[in-house]
Amino acid sequence: MGDTFIRHIALLGFEKRFVPSQHYGVVGACVHTAKPPGKLNGVPPTLAFPQVYMFLVKWQDLSEKVVYRRFTEIYEFHKTLKEMFPIEAGEINPENRIIPHLPAPRWFDGQRAAENRQGTLTEYCSTLMGLPTKISRCPHLLDFFKVRPDDLKLPADSQTKKPETYLMPKDGKSTAADITGPIILQTYRAIADYEKTSGSEMALAVGDVVEVVEKNESGWWFCQLKAKRGWIPASFLEPLDSPDETEDPEPNYAGEPYVAIKSYTAVEEDEVSLLEGEAVEVIHKLLDGWWVIRKDDVTGYFPSMYLQKSGQDLSQAQRQIKRGAPPRRSSIRNAQSIHQRSRKRLSQDAYRRNSVRFLQQRRRQARPGPQSPGSPLQEEPQTQRAKPQPAVPPRPSADLILNRCSESTKRKLASAV
């Protein structure tokens, strides 16, 4: 496994929030204090409705994560980075500066300031990724852009006024507004209407075209549609160019050990029922969140969000279950695909046959049997056994020799007598 590093950081836009949240709770504390608000660690707090910037971070394993950061956090990160690398920050000689500049936060940051700052942040992140690896891959930078627990929390359903999201325009006049870079968000189409069941999800109408920001293993994908964003079941989406999902990995019949962290009762015939704590092997991880598992010699579909790798903390994984399993494609009624061919998927019969064949082969290799002729155990007795000697014919009689020998030999024998 290689070193962890970030391939690219793209600014998606910013979010205007109307209530104190985990992303700016420290600012809310200043608002209610009796003393006049001042600078926090040298950074003035933002007292207006805070703007939280959304970044799409692409890691070395090609995974893409969405993180949220306030500008005051970004500026604090920037100050610490300059302290860690004073030469590259131009503190000793301004001509040696390679760390980009970043303006300090203003006392009052309105929506216009947040919009104008997007180009600066985009250029700043792009320059960071082009710095020497000792800076672009330093722990300070990696830790700052790692996913935090608060990044996974979307606005509560009880919130009276939802946050307003402002996405970066792709056709902006400024070149800095072009945030695609190496990352191109994939476009998918809704095959059926979807009614959201919580505020963190996004409703869809058949034919809606969305951009997928994050493909979670649970089968819930984080998507954006114009100024809306939210979680959508992957089973309701299809790629525009082809019905085949090329990103699905190949089956791994060797299997990976997992443990069920939540009980599930099979609804369809091709599914598997498990109790909490049962151990299984995952043989195929599909992007729609319904993985093919193996229990003894039985295979079937099981929701991936109810599974956890063996040896990891199960209680923490159980607490992270915030919603139910996504619906399967087979359960969607009135699905309208634009493709004439449906997606190619292996049947459970094919999974079972291939799995049984693999298990039988593995058992034969593990079973101690008679050694092959070329094995070391057979070669040792062969080297110790004496080699057979060729048979020696009996010596012929003197009369037979005289009868068969040449005339010259006969004369020599006669003269010797």
Side-chain angles (χ1 to χ4, degrees), residues 1-2 59-65 147 152 212 214-222 231-237 244-331 343-366:
M1 186 174 182
W59 294 84
Q60 86 287 348
D61 58 357
L62 302 183
S63 63
E64 299 174 356
K65 303 297 180 182
V147 176
L152 305 177
V212 178
E214 178 183 351
K215 295 181 177 180
N216 196 280
E217 284 188 340
S218 65
W220 289 95
W221 290 2
F222 192 77
W231 297 95
I232 301 173
S235 53
F236 275 77
L237 301 174
D244 299 331
E245 186 53 80
T246 57
E247 293 184 1
D248 275 332
E250 293 295 324
N252 175 23
Y253 292 103
E256 295 183 51
Y258 275 76
V259 177
I261 59 176
K262 185 176 180 179
S263 300
Y264 175 78
T265 302
V267 178
E268 303 289 341
E269 294 182 354
D270 54 0
E271 297 176 1
V272 177
S273 299
L274 290 179
L275 297 176
E276 181 181 330
E278 286 195 78
V280 296
E281 293 178 305
V282 175
I283 62 176
H284 202 183
K285 296 181 177 180
L286 300 172
L287 289 178
D288 62 2
W290 286 86
W291 291 356
V292 182
I293 65 171
R294 179 172 59 212
K295 177 68 175 176
D296 298 328
D297 289 341
V298 178
T299 65
Y301 291 107
F302 193 84
S304 63
M305 64 188 309
Y306 298 157
L307 294 173
Q308 176 74 3
K309 278 189 176 183
S310 300
Q312 297 186 1
D313 187 5
L314 302 184
S315 59
Q316 181 179 0
Q318 290 171 337
R319 290 192 298 268
Q320 292 178 352
I321 300 178
K322 301 299 183 182
R323 55 173 65 87
R328 291 183 56 189
R329 174 68 66 89
S330 59
S331 66
R343 281 198 281 187
K344 296 179 180 178
R345 284 287 178 85
L346 290 176
S347 65
Q348 282 301 322
D349 289 338
Y351 281 120
R352 292 188 188 98
R353 288 196 303 269
N354 295 336
S355 179
V356 169
R357 188 181 299 114
F358 178 86
L359 291 176
Q360 290 175 346
Q361 182 180 3
R362 186 167 65 179
R363 289 165 185 165
R364 282 197 299 267
Q365 294 175 351

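Among residues two or more places apart in sequence or in another chain, the side chain to side chain donor-acceptor pair (under 3.5 Å) test is passed with D296 by none. Under the ring pair (Phe, Tyr, Trp, His ring centres under 6.0 Å) criterion, F236 pairs with Y194, not counting sequence neighbours.
Judged purely by atom type and a 3.5 angstrom limit, S218 has no side-chain atom pairing as donor or acceptor with the backbone of M305. S273 contributes a side-chain N or O that, together with a main-chain N or O of A266, makes up a donor-acceptor pair within less than 3.5 Å. Between the side chain of T299 and the main chain of R294, no donor-acceptor pair closer than 3.5 Å is present. Remark: side-chain polar atoms of S304 are paired, donor with acceptor, to backbone N or O of G289 under 3.5 angstrom. A donor-acceptor pair under 3.5 Å links the side-chain atoms of W220 to the main chain of G324, judged by distance alone.
No side-chain donor-acceptor contact under 3.5 Å links S347 and D349.
Classified by interplanar angle (parallel below 30°, tilted 30° to 60°, perpendicular above 60°), the ring pair Y253/F358 is tilted. By the 30° and 60° cut-offs, the orientation of the rings of Y258 relative to W291 is perpendicular. Ring planes of W231 and F222: perpendicular class, angle over 60° (limits at 30 and 60°).
Smallest separation of non-hydrogen atoms from A350 and L346: CB-CD2, 4.3 Å. Residue A260 comes nearest to L275 through the heavy atom pair CB-O, 3.6 Å, listed as atom of the first residue, atom of the second, then distance. The minimum heavy-atom distance linking W221 with V212 is given by the pair CE3-CG2, 3.8 Å. The two residues E64 and E214 come nearest to each other via the heavy atoms O-CG, 3.6 Å. Across all non-hydrogen atoms, the minimal contact from Y306 to A325 is OH-N, 3.4 Å.
When each of N252, V292, N354, I293 is checked for a side chain to side chain contact (heavy atoms under 4.5 Å, CB included) with H284, only V292 meets the rule.
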Run the salt bridge (Lys or Arg N to Asp or Glu O under 4.0 Å) check on E278 and K295 step by step: do they pass?
CA-CA 9 Å; E278 286 195 78; K295 177 68 175 176; 3.5 Å; yes
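How far NZ of K262 is from CG of L307: 12.5 Å, rounded to the nearest 0.5 Å.
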